[in-house]
Enquirer: 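Handing you this structure, nothing more for now.
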Amino acid sequence: MGRHKTLPDAEVFAALRRLLMQGGDKAVAFSSVAQATGLAAPTLAQRYGTREAMVRAALQDGWKVLAEASERAADGAPPTAKGATQILKALAAGHAEEIALLVSEFRDPALREPALAWRQMLLAALGARMGGGSKGQEAAALLFAAWQGQVLWRKAGGSEVKIKDAVKRLT
């Protein structure tokens, strides 16, 4: 890949997250991100300072990207229990690996804040579709927990709870 002089942060961050998803923490260095993006390693070092700062910024951007995808999914879903299922299916289909990556980094307080904001936003969207009020919020919390378990354990295999079945039991 030829060298670029500039590349938006969002593209650098997306490439970095792909490296993390494919090879884990050891797969990310200024040199590997440079190779993935076409930027020079010294350019990345100058832009982000340290490898850790670059990774943190990419993960914070990941939460922003996930929040935007969640808002789009919620905007397109009907205000019914079926709409709650649609939101979760859309997120799992397009972001399951990234969700698993992002939730693995709760040790960093700077990453917990956007994670909690995303969770609250998603719980509100699900709760409104699960009947609203305290019962709807409780159903949303249980649905979210079942869905997160499914997303996080998908790679390990085994039987999964079908989200639509969980929704039926909760409504």
Enquirer: Near Glu113 CD, under 6.0 Å, is it more than 12 heavy atoms from other residues, nucleotides or ligands?
Expert: no
Enquirer: What closest approach, in Å, do Pro78 and Gln86 show between heavy atoms, and which atom pair accounts for it?
Expert: CD-OE1, 3.0 Å
Enquirer: Should Asp9 and Tyr48 count as side-chain neighbours, where that means a heavy-atom distance under 4.5 Å?
Expert: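 Yes, at least one pair of side-chain atoms sits under 4.5 Å.
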Enquirer: Which heavy atom of Met21 sits nearest a heavy atom of Glu98, and at what distance?
Expert: SD-N, 3.6 Å
Enquirer: Calculate, to the nearest 0.5 Å, the distance between atoms CD and CD belonging to Glu97 and Gln22 respectively.
Expert: 8.5 Å
Enquirer: When you compare the side chain of Arg51 with that of Asp25, does any pair of heavy atoms fall below 4.5 Å?
Expert: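 Yes, at least one pair of side-chain atoms sits under 4.5 Å.
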Enquirer: Would you call Leu91 and Leu122 a side-chain contact if the rule is heavy atoms closer than 4.5 Å?
Expert: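 Yes. Closest side-chain heavy atoms under 4.5 Å.
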Enquirer: Using every non-hydrogen atom in the two residues, find where Ala110 and Asp108 come nearest and quote the distance to one decimal.
Expert: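 Answer, listing the atom of Ala110 first, then Asp108: N-OD1, 2.9 Å.
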Enquirer: Just by modelled atom types, is the Val12 backbone N or O under 3.5 Å from a matching donor or acceptor in the Thr37 side chain?
Expert: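 A pair under 3.5 Å: no.
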Enquirer: Considering all heavy atoms of both residues, which atom of Ala73 and which atom of Ala90 are nearest to each other, and what is their separation?
Expert: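 In this case the closest contact between Ala73 and Ala90 is CB-CB, 4.1 Å.
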Enquirer: Atom CD1 in Ile87, atom CZ in Arg72: separation rounded to 0.5 Å?
Expert: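 Ile87 atom CD1 to Arg72 atom CZ measures 13.0 Å (nearest 0.5 Å).
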Enquirer: Quick one: which of Leu66, Val65, Leu20 gives a side chain to side chain contact (heavy atoms under 4.5 Å, CB included) with Leu102?
Expert: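 Only match with Leu102 under side chain to side chain contact (heavy atoms under 4.5 Å, CB included): Leu66.
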Enquirer: At their closest point, which heavy atom of Arg47 faces which heavy atom of Leu7, and how far apart are they?
Expert: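 Scanning both residues, the minimum pair turns out to be NH1-O, 2.9 Å.
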Enquirer: Does Gln46 CD have over 12 foreign heavy atoms under 6.0 Å away?
Expert: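 12 or below, so no.
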Enquirer: Got a second to check how far Arg56's CZ is from Leu16's CG, nearest 0.5 Å?
Expert: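 With rounding to 0.5 Å, CZ (Arg56) is 13.0 Å from CG (Leu16).
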Enquirer: Using side-chain heavy atoms (C-beta onward) and a distance below 4.5 Å, is Leu88 in contact with Gln150?
Expert: no
Enquirer: Do Ile99 and Trp147 come close enough that some side-chain heavy atom pair is under 4.5 Å?
Expert: yes
Enquirer: Taking side chain as C-beta onward, heavy atoms only, is Val33 less than 4.5 Å from Leu39?
Expert: no
Enquirer: Could you give the distance from CD (Glu11) to CG (Asp61), rounded to the nearest 0.5 Å?
Expert: 11.0 Å
Enquirer: May I ask you to decide if the ring planes of Phe106 and Trp63 are parallel, tilted or perpendicular, using 30° and 60° as cut-offs?
Expert: parallel
Enquirer: Measuring from atom CD of Gln120 to atom CZ of Phe144, what distance do you get when rounded to the nearest 0.5 angstrom?
Expert: 9.0 Å
Enquirer: State whether the side chain of Arg129 and the backbone N or O of Lys82 hold a donor-acceptor pair below 3.5 Å, judged by distance alone.
Expert: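 Not confirmed, Arg129 side chain does not pair with Lys82 backbone.
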Enquirer: Which atoms form the tightest heavy-atom contact between Ala100 and Leu152, and what is the distance?
Expert: CA-CD2, 3.6 Å
Enquirer: Is the shortest side-chain heavy-atom distance between His95 and Val151 below 4.5 Å?
Expert: no
Enquirer: Roughly how far, to the nearest 0.5 Å, is CG of Leu59 from NZ of Lys64?
Expert: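 The distance works out to 14.0 Å.
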